[in-house]
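The block underneath contains the structure these notes are about, expressed in structure tokens.
Counting convention: from 1, in listed order, for ligands and their atoms alike.
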Amino acid sequence: MSYTERADARKLQMQKTGEGYVLAIESSCDETAAAVADLKGNLFSSVVASSADLFVEYGGVVPEIASRKHMELLPHVVQKALGDAGIEKEDLSCIAGTMGPGLVGALLCGLSYAKAMAFALDVPFIGINHMEGHIAANQVENDMIYPHVCLTVSGGHTQLLLVKDATTFYQLGQTVDDAAGEAFDKAARALNLPYPGGPNVERLAREGNEDAFTFTRPKLKNKMDFSFSGIKTAVINLIHTAEQRGEELNRADVAASFQKAVVEMLLKNAFTACKEQGVTALAVCGGVAANGYLRQKAEAWANEAGITLYLPGRAMCTDNAAMIVRAAVNRIQKGEFMGLETNAIPSLKLQFMQAPLQESSKNTSENNTK
Ligand code: KG4
Ligand code: ZN
């Protein structure tokens, strides 16, 4: 019997019994992670080894170093995920791996490891879209209401989606330039803050006056889209102008005003989308969802609007494998698997259904104010 035949037999067994363990591996950037769940989505372990500290001196991730770290850490992280779940690798029924988007070398490390394990254990494999993983992060801790609006804010992506069920997405809006996390990272660099930028901007912003500076909100054709490059440039200009004039600039005030502008832009669209789509629940996910100011504002706005808010715990916002294994379970429950020819795709896109947009949300809007 070939690998394919043996893997097919395992698929049938999983479908018949509804039982089995899934291991997922995540390695799209600088976190090496593995997690184990059962076919109902119950999480048994989640291990994350971050190499972020290594990149402080470079001011950002160095892809080659990230790949080498993944190679070094993967066997230990996988072993610990199995140990924490109290199972042996022979107990696994399926292996999942993040196939994109991300750094190609980094992705290849985890994906190849996942495929090799699937082959060696004669179990089926499934490649997972990292952004679908972020969306699934809220499912790890909640029974979600469907449909809901989901705001995904990570280092590489900013998307506003209508989530009809765990694997059916409609795109309502996206960034037309920088992602929200990217804007935080670039603002951090301008403010002379070390990598990783987002958490450091948040820390500095706590000491500042959020109303010290006003940043103009961009006008966009699709009012559900986002644009952050203007605000980022405004921050850079503010700092350079002050330097040239030899003026003292309160960096904490800049950080706080920048953070307020970005968070208000994100939440304004997210809550408007809930209203327009007639849904009562909003999920926020991705690294920027770890931001305390965003979390606080989102909770306040949700209370005011009578919206159920889903926010993953902070550790579930940034990259981890618990969210990847949850996304894998969603696909496996639908009988979806992939062959071992599956490759890493650095710019992998999320698959959308045709958006059921209301006319009003397609029109050019006035300024983005709450
Ligand atoms: O989702 P994620 O861990 O990785 C990607 O898939 O991109 O997101 C990383 C991004 C980075 O841009 C980082 O600066 C941002 O999330 N981030 C934050 C915070 N924590 C992480 N941004 C603002 N405030 C934070 N506390
Ligand atoms: Zn991510």
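The atoms of ligand 1 that sit less than 4.0 Å from any heavy atom of Gly156 are 7 (O). Which parts of ligand 1 touch Gly181 is read off a 4.0 Å heavy-atom cut-off, strictly below it: atoms 12 (O). Atom numbering of ligand 1 starts at 1 in the shown order; those under 4.0 Å from a heavy atom of His130 are 6 (O). Residue-ligand proximity, Asp319 to ligand 1, at heavy-atom distances under 4.0 Å covers atoms 1 (O), 2 (P), 3 (O), 4 (O), 5 (C), 6 (O). Within ligand 1, the atoms closer than 4.0 Å to a non-hydrogen atom of Thr318 are 3 (O), numbered from 1 in the order shown.
Within the set Gly198, Ala289, Gly287, the minimum heavy-atom distance to atom 20 (N) of ligand 1 is found for Gly287. Of the candidates Asp185, Val263, Val262, Asp185 brings a heavy atom nearest to atom 14 (O) of ligand 1. Considering only non-hydrogen atoms, atom 1 (O) of ligand 1 lies nearest to His134 out of Glu31, His134, His157.
Taking the charged nitrogens against the carboxylate oxygens, Glu299 and Arg295 have no contact shorter than 4.0 Å, which rules out a salt bridge. Ion pairing between a basic and an acidic side chain is recognised when a charged N comes within 4.0 Å of a carboxylate O; Glu264 and Lys297 show no such pairing. Using a cut-off of 4.0 Å between Lys/Arg side-chain N and Asp/Glu carboxylate O, Arg206 and Glu202 are scored as salt-bridged. Salt bridge status for Lys11 with Glu336: absent, with no side-chain N to carboxylate O gap under 4.0 Å.
The nearest heavy-atom contact from the protein to atom 5 (C) of ligand 1 is Gly155 N, 3.6 Å. The protein heavy-atom contact nearest to atom 26 (N) of ligand 1 is Glu202 OE1, 2.8 Å. Asn291 ND2, 3.0 Å is the protein heavy atom nearest to atom 24 (N) of ligand 1.
Heavy-atom contacts from other residues, nucleotides or ligands closer than 6.0 Å to CD of Glu248 number 12 or fewer. A 6.0 Å sphere centred on CD of Gln351 holds no more than 12 heavy atoms belonging to other residues, nucleotides or ligands. The neighbour count for Phe119 CZ, taken as heavy atoms of other residues, nucleotides or ligands under 6.0 Å away, does not exceed 12.
Residues Met316 and Tyr310 do not share a hydrophobic cluster, defined by chaining ILVMFWY side chains whose heavy atoms lie under 4.5 Å apart.
Applying the side-chain hydrogen bond (donor to acceptor under 3.5 Å, both in side chains) test to pairs two or more places apart or on separate chains, those with a residue in residues 31-40 are Glu31-Ser50, Thr32-His70, Asp38-Asn42. Pairs passing the salt bridge (Lys or Arg N to Asp or Glu O under 4.0 Å) check and including a residue from residues 170-199, sequence neighbours excluded, read Asp178-Lys186, Asp178-Lys232, Glu182-Lys186.
Here the protein contributes His130 NE2, His134 NE2, Asp319 OD1 as N, O or S atoms under 2.8 Å from the Zn ion (ligand 2).
The shortest N or O to N or O distance between Gly286 and ligand 1 is not below 3.5 Å. Close N/O approach between Pro196 and ligand 1 is not found [any backbone or side-chain N/O within under 3.5 Å].
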Can you list, pair by pair, the side-chain donor-acceptor contacts under 3.5 Å of residues 101-117, counting residues two or more places apart and other chains?
unit_1: Ser112; atom_1: OG; unit_2: Leu108; atom_2: O; d: 2.6
unit_1: Lys115; atom_1: NZ; unit_2: Leu340; atom_2: O; d: 3.1
unit_1: Lys115; atom_1: NZ; unit_2: Thr342; atom_2: O; d: 2.6

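For Cys29, the heavy-atom gap to ligand 1 stays at 4.0 angstrom or more.
Taking the ring centroids of Phe228 and Phe184, they lie at or beyond the 6.0 Å cut-off.
No side-chain heavy atom of Met131 sits less than 4.5 Å from a side-chain heavy atom of Lys349.
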